[in-house]
Amino acid sequence: MGKRNGAPKGARRSGNPARREAERMFSGDVMGERMYASTAPGAGVQPGEVIPVTVPALPDGVVIRDAMPSDADALEPVMRLADPDNPDGSWRHLPDLIRQGLDAAKYTRVRAVQETESGALVGGTMSLPASWAYVHPMLMGSPNAHIIAGLVAALDSLAVVEAWRGKGIARALVADAERAAGAHEEGKFGAAILTVTHEPELTDFYAGLGFILSPDGIGIPTPVGLICHGPIKGFRFSVKPLRTGVQLQDMPTPYGQQLVIRGVLPGPAR
């Protein structure tokens, strides 16, 4: 069976082709100027300190590393396990996503699990920025779209081949994605939260890793109002804070019972 986000089969992304294109073709320069944190006077304040993440030890015989362009052909059938029933899954754009992942200016990350003896690729994950922010009707044209895209990370795909399942690799990949997404790298924000869209039966898996379920998605307070984003019908949406000061409140919104997340956007400089 395939295993997307640790699941028997993979999650869909947006059913809107234009939105899917915007999501997968994310560029850090869309807004025409960078809105990242800096040490300059007047710069924004981070939403809290990074919460330390320990990546569990892997079983002997495998390592996690950055995916390289030369890995694309071998990694595609592995990542396809994450979304086997979706002909337009993220795996179709793996070469572009790998190149983005190697660009220090972007938030995309593609990681591969490799057997140390054979060199075979047996697992992987893709984490992306919340590029849905650029097509959200309340954010289009706003600098907040750029900020949210960087501060809200998404665990887009997670896959492990059958022979290596049940050995803790999926848990290690999730922790690896958390640590990378939350890292405050030079020139940009580290993410404040990590989100994942998953099948209902995976709720306990993600809860065991510290994720909090919000079946109807999330709401993020911004200066222009509450920005809501929800999962695809039939799937669930779980969230994990990556920084101190992030507060999650389960409450009704116009789009259902969502986690309203405060402390994601940076505050004014002190």
Side-chain angles (χ1 to χ4, degrees), residues 1-11 50-84 89-91 93-95 97-104 107-128 153-185 190-191 193-199 201-211 238-242:
M1 290 190 298
K3 192 171 185 179
R4 188 237 325 120
N5 294 336
K9 56 183 179 181
V50 175
I51 298 172
V53 176
T54 299
V55 178
L58 290 167
D60 292 340
V62 294
V63 295
I64 298 176
R65 61 168 176 81
D66 285 334
M68 306 302 292
S70 58
D71 295 323
D73 288 344
L75 189 57
E76 180 182 310
V78 177
M79 298 311 302
R80 189 168 183 170
L81 296 174
D83 211 355
S90 299
W91 53 267
H93 307 278
L94 189 58
L97 293 173
I98 289 174
R99 285 193 291 270
Q100 289 183 27
L102 297 174
D103 185 339
Y107 292 99
T108 300
R109 293 178 177 88
V110 182
R111 300 280 275 169
V113 181
Q114 184 176 32
E115 287 184 345
T116 52
E117 183 174 348
S118 68
L121 300 182
V122 298
T125 190
M126 291 187 282
S127 55
L128 307 175
L155 183 61
D156 179 86
S157 300
L158 171 65
V160 178
V161 300
E162 187 171 2
W164 281 97
R165 294 176 191 165
K167 303 178 185 297
I169 294 177
R171 291 175 176 271
L173 280 169
V174 174
D176 179 78
E178 289 176 38
R179 187 166 66 179
H184 182 189
E185 300 170 3
I193 59 172
L194 181 65
T195 67
V196 59
T197 300
H198 57 84
E199 291 87 351
E201 60 266 28
L202 284 177
T203 299
D204 289 345
F205 170 78
Y206 284 107
L209 297 177
F211 285 77
S238 291
V239 182
K240 185 171 184 178
L242 301 179

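Computed from heavy atoms alone, side chains included, the values below leave out hydrogens, waters and symmetry copies.
Proximity of R171 to L209: side-chain heavy atoms (C-beta onward) are separated by under 4.5 Å at one or more points. With a 4.5 Å cut-off on side-chain heavy atoms, L158 and V196 do not count as touching. Between L242 and I51, every side-chain heavy-atom pair lies at or beyond the 4.5 Å cut-off. Side-chain contact check for H198 versus L155: every heavy-atom pair is 4.5 Å or farther apart. A heavy-atom distance below 4.5 Å is found between the side chains of D71 and R65. Within the 4.5 Å cutoff, side-chain heavy atoms of E115 are placed close to those of W164. The shortest side-chain heavy-atom distance between P69 and L102 falls under the 4.5 Å cut-off. Counting heavy atoms from C-beta on, the side chains of M79 and S90 never come closer than 4.5 Å.
At least one donor-acceptor pair closer than 3.5 Å links the side chain of R165 to the backbone N or O of V160. Counting only distance, with no hydrogens or angles, the side chain of T195 and the backbone of A153 share a donor-acceptor pair below 3.5 Å. The backbone N or O of A154 sits nowhere less than 3.5 Å from a side-chain atom of S127 that would complete a donor-acceptor pair. No donor-acceptor pair closer than 3.5 Å links the side chain of R179 to the backbone N or O of V55. When atom types are taken as modelled, the side chain of Q114 and the backbone of G119 share a donor-acceptor pair closer than 3.5 angstrom.
A distance of 8.0 Å separates OG in S70 from CD1 in I98, rounded to the nearest 0.5 Å. Taken to the nearest 0.5 Å, the CG atom of D66 stands 5.0 Å off from the CZ atom of R111. Remark: M68 CE to R99 CZ distance equals 12.0 Å, nearest 0.5 Å. Note that the CZ atom of F205 and the CD atom of E199 stand 11.5 Å from one another [nearest 0.5 Å]. Between the CG atom of D176 and the CZ atom of R109 there is a distance of 9.5 Å, given to the nearest 0.5 Å. One finds the OG1 atom of T125 at 9.0 Å from the CD1 atom of I64 (value rounded to the nearest 0.5 Å).
Closest approach of A72 to L94, counting heavy atoms only: O-CD2, 3.7 Å. Nearest heavy atoms, V53 versus A175: CG1-O, 3.5 Å. The shortest non-hydrogen separation linking V174 to F211 is CG1-CE1, 3.8 Å.
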Step-by-step side-chain contact (heavy atoms from CB on, under 4.5 Å) determination, V78 to W91: CA-CA 9 Å; V78 177; W91 53 267; over 6 Å; no
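Other residues, nucleotides and ligands contribute at most 12 non-hydrogen atoms within 6.0 Å of the CG atom of D73.
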